[in-house]
Every structure is written in C-alpha cells, then in structure tokens.
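Accompanying notes for the structure given below.
Order of appearance sets the numbers: ligands from 1, and atoms from 1 within every ligand. All figures in this text were calculated on a predicted structure; none of them were measured in a lab.
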Amino acid sequence: MNIAVGCDHAGFVLKSAVTDYLGQRPGVELLDFGTHSEDRVDYPDVALEVGRAVSDGRAACGVLLCGTGIGMAIAANKIGGVRAAACNDVESARMAKAHNDLNVIALGGRVIGTGQVPDILEAWLSTPFEGDRHLVRINKIAAAETATLSAELSSGGRVVVFNHPLVQHKVGIIRDKDTSVKEFRELVQEIAGLMVYEITRNLPLTEVRVETPLAVTTARTLEGKKLAILPVLRAGLGMVDGILQLVPNAKVGHIGLYRDPETLLPVEYYCKLPQDIEEREIFVLDPMLATGGSAAAAISLVKGRGGQKISLVCLIAAPEGIARVHEEHPEVDIFIAALDSHLNDHGYIVPGLGDAGDRLFGTK
Ligand code: RB5
C-alpha cells in the first residue's frame, strides 16, 4: 500500500516520527512530497500534491503535517475524492475512519508531540470503515462534489453525471484492470443502456387512445422523434447495442477519425450518417472523453453534414475534455457516467480505465 506523506515547516519535526512508524509497517511504500527542512513553505502547495496523489490512486491514503493539521486538511479537501481532517487524538482518528472513511489524516506539530504519532496513526490505519449508513452519507458528499464540478463545467450545454448506484457499481468493475474483455464489453453495453433513461428524458410525448381489456383510456407514446446514434470508431461501437436495446428504431451512423501523427489533429477517414440527419436528435458516442479533440472534431463533422441537435454520450470524462468540447460546441449536452480528475502526460484519463478500444476488443 502506498501512503503519501507531506508536511510544511511547522509539521517537519513530526514527519520523521510518521515516516519511522509507517516505514516499519509491513507492505507500506512511502511517497514523500516534502518539505525536507524547517524552511518556511506554504502548506497548501504540499497538501494539494498529497491530495492529488490520493485522488488519482497513486497513493491509497495520505498523512499531512502542519502546525495544527487544520490548514492542510482544508487544502487537501479541495481535491476531488479526498476526505481529510485534522485528528490530533486517538479517538478522532478512529472515528474518522470508522464513520467517514478518512483517506487523508492531518496532524498538528504544534498540538501533539512525536510520541503520540504511532497511536494516532495505528488507530486510523487499523480501524475498518463501517460502511452501511456511513457509506450512504459519504456518497452524498461525493454526489455534491460531482454536482458542483459538473455545474462549474457546464457552459450553456449541460454536463450530466450519472450518480445512479447501478451505473457507479458497473463503472467500478470496468475500471479494474483485471476485468476480462468479455465482462468489460458486456458492462459497457449495460452502462450505455442505463444511460438511455437520462439522455432521452426530454423526448416529447403525445397522447393516444388505447383500449385495455377493461376500458378505453388515454396513454402516452413517444411523439415519433427520430433518433440517431453515432459511435466514434472504434470504441464508440461498444456502446451501440446497449442503446439500441431500448431505442431499437434509432438509426446508426459511423464516424471514423484518426490522429495525424505530424499535426496531431483528428482527420476523418470514414463518415456515414443517416440521410435525414438534420431532422434527428443525435447522440455521438465515445466512451472516453480525454483531451476532447476527437469528440469536438466528430461533432463538427456532424454539424457540417447538417446535424443540429447534438449530445455527446461518454462513460468517463476528464475536465480538460469537457472544457475543450464546450469551447468549440458550447450548446452540446455532455452525458457521462464518471468525471475523473485529470489527464496524464500521455493524454490518458486518470484514474480512467486505460484504452477503451483495446479493452473492448482485446487488442492489448
Ligand atoms: C504555519 O505557521 C501554520 O499556519 C501552518 O502550519 C498550519 O498550522 C496551518 O493550518
């Protein structure tokens, strides 16, 4: 288990007590984010680095040390997925894990002595999270966090994140690198199918007369709005059948783009759309919204062929990709099953799930 550790000048003396204690725990690898002396530093710089390491999975949890633990916790909590608190006594540390599943503990070098460090850390690390009603509560915090972020990212077009437990459960399984190609493929279709409920929420209904075995009544039926689903090749194909199961009359177009190795710009190599694309409600499918370059290019292509009402449906998105799509197509609604923290240097979403195309088709 990787544990991220960081301190400012006021927590520096406690830090060696922390690293000594953690260093002798079996299976622990320390990731040291500094600082390395008692020279003044700004605690947010360290707290944000440790928070990011926990958020993107480089570390399972983190320990932060400053004068009180308070500033470090406030700063670390700004990073998505971090639950940080100052715990300067054993009981707070124990309860913070049992009830709040605290993943970053902050200690105060001006509040406790080095001798108290082992007991506090032991209480935190060895106490299990109780789950159950406490899981419901921390899920509410996580949902509020995602809602805030997606509202910030929405600019005209909406960013809708599916927090439904079934969707979240299935996304958790497809993230796992050990999930088989077969299971991955099935789950991607299932998630896409579940997303249909939300992406079609605003389809117009009309009233029809229906004779039941008991009476004549008025029922509601889809107004005959035409849908088009347009997978971006090749990974978008993985979502098509899940959607068609629920909207079997939708027409399917295909968009093929590759990245020019010199210009790095997306280039069209295939595009076949339903003939009446200008009349259809369009869903562009691409499981991973990373840099947003190909999604934005795909939407431009569809607009160029007459497409008007376009939404983008993805499984996992990075904020960078959402920003890019909305920069070029501010009116487009973006539907996603999960909003991750960032892109790595190779343009992959972190924590993400790797290359969706390779995982769908077993090519790696
Ligand atoms: C530094 O003087 C001090 O403000 C800092 O270590 C911390 O206690 C902030 O919360």
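Salt bridge Arg158/Glu198: absent, no basic N to carboxylate O contact under 4.0 Å. Using a 4.0 Å cut-off between charged side-chain N and carboxylate O, Asp89 and Arg94 make no salt bridge. Residues Arg324 and Glu320 are not paired through a salt bridge, judged by the lack of any N-O separation under 4.0 Å between the basic side chain and the carboxylate.
Per-residue contacts place Ala10 under 4.0 angstrom from the following atoms of ligand 1 (heavy atoms of the residue considered): 6 (O). Distances below 4.0 Å separate heavy atoms of Arg110 from the following atoms of ligand 1: 1 (C), 2 (O), 3 (C). If you number the atoms of ligand 1 from 1 as listed, the ones under 4.0 Å from a heavy atom of Gly67 come out as 5 (C), 6 (O), 7 (C), 8 (O). Close approach of ligand 1 to Thr68 (heavy-atom distance below 4.0 Å) involves ligand atoms 8 (O), 10 (O).
Aromatic ring orientation, Phe283 versus Phe335: perpendicular (interplanar angle above 60°, classes split at 30° and 60°).
The shortest contact between atom 5 (C) of ligand 1 and any protein heavy atom is with Asp8 OD2, 3.2 Å. Nearest protein heavy-atom neighbour of atom 4 (O) of ligand 1: Tyr43 CE2, 4.5 Å. Protein heavy atom in closest approach to atom 1 (C) of ligand 1: His9 NE2, 3.7 Å.
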| field | Steps toward salt bridge (charged side-chain N to carboxylate O under 4.0 Å, His left out) verdict (Lys303, Glu328) | value | CA-CA 12 Å; Lys303 284 183 176 172; Glu328 292 187 35; over 6 Å; no
| Residue pair Ile120, Ile105: steps toward the side chain to side chain contact (heavy atoms under 4.5 Å, CB included) verdict | CA-CA 10 Å; Ile120 294 174; Ile105 191 168; 4.0 Å; yes
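Heavy-atom contacts from other residues, nucleotides or ligands closer than 6.0 Å to NE2 of His134 number more than 12.
Backbone and side-chain nitrogen or oxygen atoms of Gly71 are examined, and one is located within less than 3.5 angstrom of a nitrogen or oxygen of ligand 1. Residue Arg40 has no N or O atom closer than 3.5 Å to an N or O atom of ligand 1.
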